[in-house]
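This report refers to the structure that appears directly beneath it.
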Amino acid sequence: MAGGFLGKTLAAVSLPVALASVTVKSLGSCSVAACRNSLSSCRFHVNSNIMSGFNGTKENSHNKARTSPYPGSKVQRSQVPNDKVDWLVEWHDYNPVEYTAVSVLAGPQWADPQITESNFSPKFNEKDGQVERKSQNGLYEVKNGRPRNPAGRTGLVGRGLLGRWGPNHAADPIITRWKRDRSGNKITHPISGKNILQFVAIKRKDCGEWAIPGGMVDPGEKISATLKREFGEEALNSLQKSSAEKRELQEKLQKLFNQEHLVIYKGYVDDPRNTDNAWMETEAVNYHDETGEIMDNLTLEAGDDAGKVKWMDISDKLKLYASHAQFIKSVAEKRDAHWSKDSETGCPGQ
């Protein structure tokens with residue numbers, strides 16, 4: 001995948017945001033094959049390659065997945081101290097709260113049944129019909145019939161707001177252009193001397209935070225299709241367009257999404273919706289409009305899950321949903337664009 005990854009070997013507790021790739025090593029007599037084919041309680045060490053430029057520490061890792069109250073509820077997670085996040089750390093008194101949202105229990109098409117239902121036999125760690133239950137990080141542990149969050153304990157079991165047991169796959173299109181003056185010249189930052197990059201940001205209706213427009217991958221859908229669909233729905237309000245308008249919109253988007261792009265990140269995301277048994281994973285991809293001509297012909301209009309949409313200047317001052325600020329920082333680095341006044345400043349805690 002594209003994008004300068006720094007290889008480090010870390011325990012799951014020290015994940016800064018997410019794992020880019022994972023190699024699973026079995027412990028004791030438990031084999032990888034046995035863990036794949038049975039609901040075993042094998043434990044794994046995790047070898048992770050994480051995005052360069054992000055410093056993982058116990059103080060700033062796996063934070064959003066432990067926040068209370070749980071999004072959209074008054075549910076308080078059981079508190080999980082930093083030194084107890086890792087599943088490899090014995091914690092006999094661990095007593096997480098059980099919570100799955102009513103909207104998920106209602107059985108919508110995008111959600112799994114309860115794990116206890118007799119007619120539900122999910123195939124974890126593999127493609128299960130049209131549902132992708134493989135993690136982008138490699139094999140995850142399954143204990144007592146439930147998948148375990150590869151980043152560690154969250155203080156809450158069940159699925160919360162997430163539909164799938166195990167990984168819930170999303171796609172985040174990061175659409176960028178250079179900030180320009182009225183004469184069309186690129187604007188540089190007065191201190192860093194680097195050109196200022198802008199990206200399309202949406203304000204989420206559910207929590208009011210600014211974010212990258214993106215969403216869940218539908219069963220059987222290719223990531224590339226999800227990226228284009230979600231951008232159209234949230235940043236261009238494609239769902240409310242007429243058939244003729246949709247065709248015109250698709251033609252313009254095709255130019256943007258068919259050009260060369262950068263895969264910024266693949267893997268687990270530190271997300272406030274995560275639980276011990278269900279978690280978010282994403283593929284963040286940067287599509288850059290170098291001249292600005294493509295996006296100049298597209299009118300931003302918030303739709304679907306987005307309350308507002310706008311072009312936002314990229315800098316270390318950004319406060320974005322989940323791990324999105326770190327994805328944006330990576331884009332700035334790869335495009336050699338302005339991020340902070342001090343180029344040596346590390347990524348702020350988001």
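- Lys246 contributes atom NZ, which lies 12.5 Å from atom CG of Leu236 (distance to the nearest 0.5 angstrom).
- Taking the centre and axis of the six-membered ring of Trp311, the NZ or CZ atom of Lys179 falls outside the cone set by 45° and 6.0 Å.
- When all heavy atoms of Tyr99 and Ser73 are compared, the closest pair comes out as OH-CB, 3.7 Å.
- To the nearest 0.5 angstrom, Glu281 atom CD is 5.0 Å from His169 atom NE2.
- In this structure the side chain of Val80 never reaches within 4.5 angstrom of the side chain of Thr154, judged on heavy atoms.
- In this pair, His261 and Tyr287 present their aromatic rings tilted. The plane angle is within the 30 to 60° band.
- Using a 4.5 Å heavy-atom cutoff, the side chains of Asn168 and Asn274 are not in contact.
- To the nearest 0.5 Å, the span separating CD on Glu234 from CD1 on Ile202 amounts to 4.5 Å.
- A distance of 10.5 Å separates OG1 of Thr275 from CG of Leu161, quoted to the nearest 0.5 Å.
- Scanning both residues, Leu139 and Asn125, for their nearest heavy atoms gives CA-OD1, 3.4 Å.
- Other residues, nucleotides and ligands place more than 12 heavy atoms under 6.0 Å from the NZ atom of Lys127.
- Looking at Asn277, its side chain never comes within 3.5 Å of a backbone N or O of Val157 through a donor-acceptor pair.
- Residues Met280 and Val131 do not share a hydrophobic cluster, clusters being chains of Ile/Leu/Val/Met/Phe/Trp/Tyr side chains in contact below 4.5 Å.
- Using a distance-only test at 3.5 Å, with no hydrogens or angles considered, a donor-acceptor pair links the side chain of Gln259 to the main chain of His288.
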Q. Taking it one step at a time, do Asp112 and Arg159 satisfy salt bridge (charged side-chain N to carboxylate O under 4.0 Å, His left out)?
A. CA-CA 10 Å; Asp112 289 332; Arg159 284 175 289 163; 5.1 Å; no
Q: Walk me through it: do Leu162 and Val104 pass the test side-chain contact (heavy atoms from CB on, under 4.5 Å)?
A: CA-CA 7 Å; Leu162 299 178; Val104 176; over 6 Å; no
Q | Derivation of the side-chain contact (heavy atoms from CB on, under 4.5 Å) call for Met295 and Leu300 | A | CA-CA 9 Å; Met295 290 306 300; Leu300 297 181; 4.2 Å; yes
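- Side-chain contact between Ile175 and Asp289: absent, with no pair of heavy atoms (C-beta onward) separated by less than 4.5 Å.
- Separating the CZ atom in Arg335 from the CZ atom in Phe199 is a distance of 14.5 Å, to the nearest 0.5 Å.
- Under the 4.5 Å side-chain heavy-atom criterion for grouping Ile, Leu, Val, Met, Phe, Trp and Tyr, Ile196 is not connected to Ile174 through any hydrophobic cluster.
- Residues Trp279 and Asp271 form no side-chain contact, since every pair of their non-hydrogen atoms from C-beta on lies 4.5 Å or further apart.
- Here the CD1-OG1 distance, from Ile314 to Thr176, works out to 6.5 Å after rounding to the nearest 0.5 Å.
- No side-chain N or O of Asp206 forms a donor-acceptor pair with one of Tyr321 less than 3.5 Å apart.
- Taking all atoms of both residues into account, the shortest heavy-atom contact from Pro167 to Lys134 is CG-O, 3.8 Å.
- Within a 6.0 Å sphere centred on CD of Gln109, heavy atoms belonging to other residues, nucleotides or ligands number 12 at most.
- Counting heavy atoms from C-beta on, the side chains of Trp339 and Leu197 never come closer than 4.5 Å.
- Residue-environment remark: NZ (Lys123) stays at or below the threshold of 12 foreign heavy atoms within 6.0 Å.
- The heavy-atom pair separating Pro96 from Ser78 by the smallest distance is CA-OG, 3.5 Å.
- Distance alone, capped at 3.5 Å, is enough to place a donor-acceptor pair between the Arg153 side chain and the Lys84 backbone.
- Across all non-hydrogen atoms, the minimal contact from Val200 to Pro213 is O-CD, 3.2 Å.
- Comment: Arg247 does not engage Glu251 in a salt bridge, judged by the lack of any side-chain N to carboxylate O separation of less than 4.0 angstrom.
- Counting only heavy atoms from C-beta outward, the side chains of Thr226 and Glu283 never approach each other to under 4.5 Å.
- Arg66 contributes no side-chain N or O that, together with a main-chain N or O of Arg77, makes up a donor-acceptor pair within less than 3.5 Å.
- Judged by distance alone, the side chain of Asn195 and the main-chain N or O of Thr188 form no donor-acceptor pair under 3.5 Å.
- Using modelled atom types, no side-chain atom of Lys255 and backbone atom of Ile294 make a donor-acceptor pair closer than 3.5 Å.
- No donor-acceptor contact under 3.5 angstrom links the side chains of Arg180 and Gln198, judged on distance only.
- The main-chain N or O of Pro122 is never found under 3.5 Å from a side-chain atom of Asp128 such that the two would form a donor-acceptor pair.
- Distance alone, capped at 3.5 Å, is enough to place a donor-acceptor pair between the Thr67 side chain and the Lys64 backbone.
- Listed here is the closest heavy atom pair of Ser238 and Leu249: CB-CD2, 3.7 Å.
- For the pair Ser183 (side chain) and Asn185 (backbone), a donor-acceptor distance under 3.5 Å is absent.
- No continuous path of ILVMFWY side-chain contacts below 4.5 Å connects Trp87 to Val97, so the two sit in separate hydrophobic clusters.
- When side chains are defined from C-beta on, Asp336 counts as touching Lys194, because their heavy atoms get closer than 4.5 Å.
- Taking the six-membered ring for Trp and thresholds of 30 and 60 degrees, Phe231 and Phe257 have ring planes inclined between 30 and 60 degrees apart.
- Under a 3.5 Å cut-off, the side chain of Asn149 and the backbone N or O of Ala151 do form a donor-acceptor pair.
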Q | Intermediate values then yes/no, side-chain contact (heavy atoms from CB on, under 4.5 Å), Trp165 and Arg146 | A | CA-CA 8 Å; Trp165 294 96; Arg146 294 188 177 198; 4.1 Å; yes
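- Glu221 is not listed as a side-chain neighbour of Glu132, based on a closest heavy-atom distance of 4.5 Å or more.
- By the criterion of side-chain heavy atoms lying less than 4.5 angstrom apart, applied directly or through intervening Ile, Leu, Val, Met, Phe, Trp or Tyr residues, Ile115 is not grouped with Leu156; the two fall into different hydrophobic clusters.
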Q: Test Asp316 against Lys329 for side-chain contact (heavy atoms from CB on, under 4.5 Å), laying out the working first.
A: CA-CA 7 Å; Asp316 62 352; Lys329 178 177 185 281; over 6 Å; no
